[in-house]
Amino acid sequence: MTLLKAVRGTRDLLPPETELWERVEATTRRVFARYNFGEIRTPIFEDTQLFARGVGEETDIVSKEMYTWEDRARAQSEKSQSLTLRPENTAGVVRAYIEHKMGETGLLQKLYYIGPQFRRERPQKGRYRQFWQIGAEVIGPPSAGSESPLRDAEVLEMLASFLDELGISGWTLVLNSVGCSTDRPRYVAALREALAPVKHQMSEDNQRRAETNPLRVLDSKDPSDEAIVANLPKIADYLDEASKAHFAAVLAALDACGVQYEVNPRLVRGLDYYTRTTFEFTHGGLGAQNALLGGGRYDGLSEMLDGPKAPGIGFAMGLDRLILTLQAGQAESAPTLADAFIAPLSESLNAEALALARDLRRAGLRIDLGDGAFRIKKSFEIGNKLARKIVLLGEDEQRSGILTVKNFATGEQTKIPRGELAQALQNS
Ligand code: AMP
């Protein structure tokens, strides 16, 4: 028999590493709450149509990377349906926004999520088939100010503050405007024209993209196509006055609050729904997969999903990559030690030991519990690996109600009445 292992591109997250994940998640919740965001949890699988329409058929995600299956009907009243493990979460959030008529509040909806996403990509450092994203969306009717460049700048400032608070420095914010539904077609036409005479020299993927979705050619990471890509027209030269003014206002607001950025006219990002502002935060420490997060505006997405007009802006951050960045240069974290290890010295004291552990845990202490079968030597060996102190519970201790506590670091041994134990452990 072969030993079963986690599937390629997936992995187990184990303690103590998960403590770092928890810390990042707690920081997310704390910082995002200050900006008045609330958490949304959407299903992990959705109707395949959601991604086909929302993310775009021609994107790499939809055309190559989705985990899709036909879900057979189980009853006559059900229809079989094509389902997909979510490859990203924005489409799901916008679907929920439409389904729950959130726009009818007339207010901006500020929603964040933390959860796994699934893409069948080629696994490598920082790229997995199940990976986690922290994301947020600001979406609402235009009357709520959802189109305002202030929203873009506020989201970007929140990200800068979040990374600062996590202690991640050395990031670069790169942004661009990809225009809107009126100016983008003119740019796409210009791209097509520029690509026509040269596309046969490009990689197979780019030849296909040049036909079906020329914007995607700008996304290409293929080094052999770099020279051609560098000479293509720039979107900045095709933006209409409204898009130009919008982008200028985003940059002015970032300047006003001291968020540093670089404008990159080639940044279009891999999802079709983006309009106007698109951005990435990159980090040098990540190597080839250097994007910590990406996002942008998606003013037409709700309507693409048959919803009301609901412009929005959002981002998704790779939690796996945030963790890699935090771990780089840091010593491997040691497991957290319990405050005390309770060691019953015979099996007849196991039940009493459990009751003692319960009392100490209810007092807020981190407690691990041995077993009377270990006897004293093994109890000390195990306790020393798991906790800062050992509490011995033998016949004498049970009778007198006075427990023996030994501090592993100092070797100091003290006698403490049971009623004072929680306090004593808390204070030391
Ligand atoms: P995207 O949804 O493609 O805009 O990606 C947003 C962010 O999610 C990226 O900047 C990465 O940090 C992260 N990400 C995307 N795909 C993966 C993956 N396969 N493995 C790990 N992180 C990923």
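In each ligand, atom 1 is the first atom listed, and ligand 1 is the first ligand listed. The analysis underlying the following values was restricted to heavy atoms, covering all of them including side chains, and did not include hydrogens, waters or symmetry mates.
Between Glu78 and Arg74 there is no salt bridge, since no side-chain nitrogen of the basic residue lies less than 4.0 Å from a carboxylate oxygen of the acidic one. A salt bridge does not link Lys101 to Glu104: none of the charged side-chain nitrogens sits closer than 4.0 Å to a carboxylate oxygen.
The closest side-chain heavy-atom distance from Arg184 to Arg276 is not below 4.5 Å.
Legend: side-chain hydrogen bond (donor to acceptor under 3.5 Å, both in side chains) pairs involving residues 251-267, not counting sequence neighbours, sorted by first then second residue: Asp255-Tyr261. Pairs engaging residues 335-344 under the side-chain hydrogen bond (donor to acceptor under 3.5 Å, both in side chains) rule: Glu19-Thr336, Asp339-Arg388 [sequence neighbours left out].
Contact residues for ligand 1 (protein heavy atom closer than 4.0 angstrom to any ligand atom): Arg119, Glu121, Gly126, Arg127, Tyr128, Phe131, Gln133, Arg269, Leu271, Ala291, Leu292, Leu293, Gly294, Ala316, Gly318, Arg321.
By the side chain to side chain contact (heavy atoms under 4.5 Å, CB included) test, Ile228 pairs with Val198, Gln201, Met202, sequence neighbours left out.
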